[in-house]
Amino acid sequence: QVQLVESGGGLVQPGGSLRLSCAASGFTLEYYAVGWFRQAPGKEREGVTCTSDSDETTYYRDSVKGRFTISRDNAKNTVYLEIDSLEPEDTGVYYCAADTSLDCKTMVWIGVSLPMDHWGNGTLVTVSA
């Protein structure tokens with residue numbers, strides 16, 4: 001079955017850290033640019049970061065630079081998102097998506113409005129004391 005599955009979400013206190021996973025099955029994630037997106041309650045989904053397929057360059061939305069780190073483990077067919085110094089504003093559903101055509105900057109800024117090859121179903125992150 002071809003799918004992306006996110007995991008690792010949960011309830012975290014402000015200042016804490018989380019590592020989210022985006023695992024692919026049925027296809028090889030190494031050949032795709034992979035992005036992480038989040039949707040806060042009552043807001044539209046937005047791209048936050050991406051890792052390219054070829055040279056694994058990364059791109060981050062300015063608002064998350066320094067706190068979010070994207071990485072990939074091709075042997076595990078998985079992309080990770082580590083979030084440090086969590087803030088209540090980070091609360092939301094986090095999705096990953098993969099595409100073979102988009103560059104990372106495009107994926108982060110307008111990827112939500114474009115047809116992408118694969119989307120996961122999301123994992124909920126709640127930051128609260």
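Residue pairs meeting the disulfide bond (SG atoms under 2.5 Å apart) criterion with at least one member in residues 79-116, sequence neighbours excluded, are Cys22-Cys96, Cys50-Cys104. Among residue pairs with one or both ends in residues 66-103, none qualify as ring pair (Phe, Tyr, Trp, His ring centres under 6.0 Å); sequence neighbours excluded. Screening residues 97-109 for side-chain hydrogen bond (donor to acceptor under 3.5 Å, both in side chains) gives Tyr59-Trp109, Thr100-Asp117, Asp103-Thr106 as the qualifying pairs, with residues at least two apart or on separate chains.
The salt bridge (Lys or Arg N to Asp or Glu O under 4.0 Å) search around Glu87 returns Arg67, not counting sequence neighbours. For Asp84, the side-chain hydrogen bond (donor to acceptor under 3.5 Å, both in side chains) test picks out Ser17, with sequence neighbours left out. For Lys76, there are no salt bridge (Lys or Arg N to Asp or Glu O under 4.0 Å) partners two or more places apart in sequence or in a different chain. Applying the side-chain contact (heavy atoms from CB on, under 4.5 Å) criterion to Val112, with sequence neighbours excluded, gives Phe37, Arg45, Trp119. Partners of Ser113 under the side-chain contact (heavy atoms from CB on, under 4.5 Å) rule, at least two apart in sequence or in another chain, are Ile110. Residues meeting the side-chain hydrogen bond (donor to acceptor under 3.5 Å, both in side chains) test with Glu46, sequence neighbours left out: Arg38. Listed by chain and number, the residues in a side-chain contact (heavy atoms from CB on, under 4.5 Å) with Asn74 are Glu30, Glu56, Arg72 (sequence neighbours excluded). Under the rule for a side-chain contact (heavy atoms from CB on, under 4.5 Å), the partners of Phe27 that lie at least two apart in sequence or sit in another chain are Val2, Leu4, Ala24, Leu29, Tyr32, Ala98, His118.
Hydrophobic cluster membership for Leu11: none, as no Ile, Leu, Val, Met, Phe, Trp or Tyr side chain comes under 4.5 Å of it.
Between the OG atom in Ser52 and the CG atom in Leu102 there is a gap of 12.5 Å [rounded to 0.5 Å].
Listed for the Glu82 side chain is no donor-acceptor partner under 3.5 Å among the backbone atoms of Ile70.
Of all heavy-atom pairs between Glu6 and Gly122, the closest is OE1-N, 2.8 Å. Taking both residues in full, the closest heavy atoms of Thr91 and Val127 are given as OG1-N, 2.9 Å, listed atom of the first, atom of the second, then distance. Closest of all the heavy-atom pairs between Pro14 and Ala129 is CD-N, 3.7 Å.
With a 4.5 Å cut-off on side-chain heavy atoms, Val93 and Thr123 do not count as touching. Tyr60 is listed as a side-chain neighbour of Thr49, based on a closest heavy-atom distance under 4.5 Å.
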*Determine, step by step, whether Leu86 and Leu18 satisfy the side chain to side chain contact (heavy atoms under 4.5 Å, CB included) criterion, reporting the C-alpha distance in whole Å, the side-chain angles of both residues, the deciding distance to 0.1 Å, and the verdict.*
CA-CA 8 Å; Leu86 278 155; Leu18 269 181; 4.0 Å; yes
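Put simply, the residue from Thr51, Ile83, Leu20 that forms a side chain to side chain contact (heavy atoms under 4.5 Å, CB included) with Trp36 is Leu20.
Linking ILVMFWY side-chain heavy atoms closer than 4.5 Å, directly or via other members, places Val79 and Val64 in a single hydrophobic cluster.
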